[in-house]
Protein chains: 2
Amino acid sequence: MKKTDLLIPPGKLKIIEAMRTLLEERTFESLTISDIAVTAGVTEGLIYKYFKDKRDLLHHVLKEHYEHFLVQIDRDLQGIDGAVNKLRKIIWSSIERYANHRVFARIILLEVRNSEEYFNSEAYGLVKQFNRILLDIIKEGIAGGEFRDDLPPAYIRNAIFGTIEHSCLNRAIFNEPVSTNEAARIITDLLLNGIKR
Amino acid sequence: MKKTDLLIPPGKLKIIEAMRTLLEERTFESLTISDIAVTAGVTEGLIYKYFKDKRDLLHHVLKEHYEHFLVQIDRDLQGIDGAVNKLRKIIWSSIERYANHRVFARIILLEVRNSEEYFNSEAYGLVKQFNRILLDIIKEGIAGGEFRDDLPPAYIRNAIFGTIEHSCLNRAIFNEPVSTNEAARIITDLLLNGIKR
DNA sequence: TTTGGAGGTAAATAATATTTACTCATTTGA
DNA sequence: TCAAATGAGTAAATATTATTTACCTCCAAA
């Protein structure tokens, strides 16, 4: 095995880092390959050495973020018993992630869904993985009698996912601040107990 | 006043119609001005006569759709009493709209949110109008004792909006069929009563 | 009758993404 | 130990696409 096999080349790292930096302030579409290359301090050609195209680079950044997210989710759920408690925690973790990782939030909420390639990307594969975790909690809850058994699990998942995402949208778009703890508490309560008096 | 002041020129109509047709099958980003011009049977320059740029045309198409939607929503709510009943209806109407207007669904769920201009567009203004209608129903429900008064209205709105949108996403992306009546029934029940047994 | 504006066009230009052909340095295996 | 191979990186050409410009034509109204 060669010495450098496990090392990521510095140029590649700089490109990824530049993408993250630029997405902090600007829209993916508004970024040019030239912008990215200049910010990274590399030439435009090098970007194409490591990534198929601009979008592939975006998906890569998202994938890295999501990997961290999944590791964290896994940790966060350790030692928690009961579907309700797990759900509470996973909602909190999701909101916390969106809240403290603006670039991540913006990529996934605003930037990727408009291309077909995304749905074939590795990043999307991780999203599906998260979905399965959530779905398993829901099924556990139904089987154990904590959740209603007359609602299809997929609908429940959509409600949870959709509510979280929509609640974090304004923050992602307009930079509005939200308190993670408060948002998590209210959203969990709302989903568990409904809005009817 | 001149005769033609109220008439929309045929070229403009053809451009809008071409955009709608193309969005039926393809992504906004993948459409070129040339594609649109050829499909419309006009020259590329004409598109810029009527629209600031490609995105402005997209926003216009969305705006037209949304205008129809708001008219329909207004009609649908006529004669309905009580916040719960209104909510039930507005959820049904929203799902029905996404279900039967694929292009509309795809534009609003997938295509527009990734640009700053959208949030200054007339189309977004209409979305805010819809939001206010929804918010008014929620406030009516709280004031009248139909809904809980310990949840902030904005959170409730986000939950409703988010749940509906996420439930319609797969249909928009993968063309998966969904029964409007069934989806509306389940989502309404879920939001009103929660998922806890 | 003429003039000004609206609908429309063709072709030039500008902005960007992507490809190609090439260094240079390091590693490897014979 | 040394040619061949490989990987990082570059510079410049090319291709694609959005956008602008300058123009034409027709017709309603003054």
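Letters go in sequence order (proteins before strands), and every chain restarts at 1. Since the model is a prediction, treat every value here as computed from it, not as a measurement.
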- Would you sort out whether Leu169(A) and Phe174(A) count as a side chain to side chain contact (heavy atoms under 4.5 Å, CB included), showing the intermediate values? CA-CA 8 Å; Leu169(A) 254 185; Phe174(A) 303 113; over 6 Å; no
Rounded to whole angstroms, how far apart are [atom1] on [X] and [atom2] on [N]?
X	N	atom1	atom2	answer
Leu46(B)	dT21(D)	CG	C1'	15 Å
Glu117(B)	dA18(D)	CD	P	15 Å
Tyr48(A)	dA21(C)	OH	P	18 Å
Asp56(B)	dT19(D)	CG	P	10 Å
Tyr50(B)	dA6(C)	OH	P	10 Å
Lys54(B)	dT16(D)	NZ	C1'	12 Å

- Can Glu122(A) and Lys63(A) be counted as an ion pair, charged N to O under 4.0 angstrom?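 Salt bridge: yes.
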- Query: What does Phe51(A) touch in the nucleic acid at a heavy-atom separation under 4.0 angstrom: a base, only the sugar-phosphate, or nothing?
  - Reply: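 Contact class for Phe51(A): none.
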- Query: Contact class for Ile36(B) (heavy atom, under 4.0 Å): base, sugar-phosphate, or nothing?
  - Reply: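 It contacts nothing in the nucleic acid.
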- Residue whose nearest DNA chain D nucleotide is more 5′ - Asp53(B) or Lys49(B):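 Looking at DNA chain D, the more 5' nearest nucleotide goes with Asp53(B).
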- Where do Arg113(B) and Phe119(B) come nearest, in terms of heavy atoms and distance?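 Of all heavy-atom pairs spanning Arg113(B) and Phe119(B), the closest is O-CE1, 3.7 Å.
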- Task: Give me the ring orientation class for Phe69(B) and Phe104(B): parallel if the planes are under 30° apart, tilted from 30 to 60°, perpendicular past 60°.
- Result: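 The rings of Phe69(B) and Phe104(B) sit tilted, inter-plane angle from 30° to 60°.
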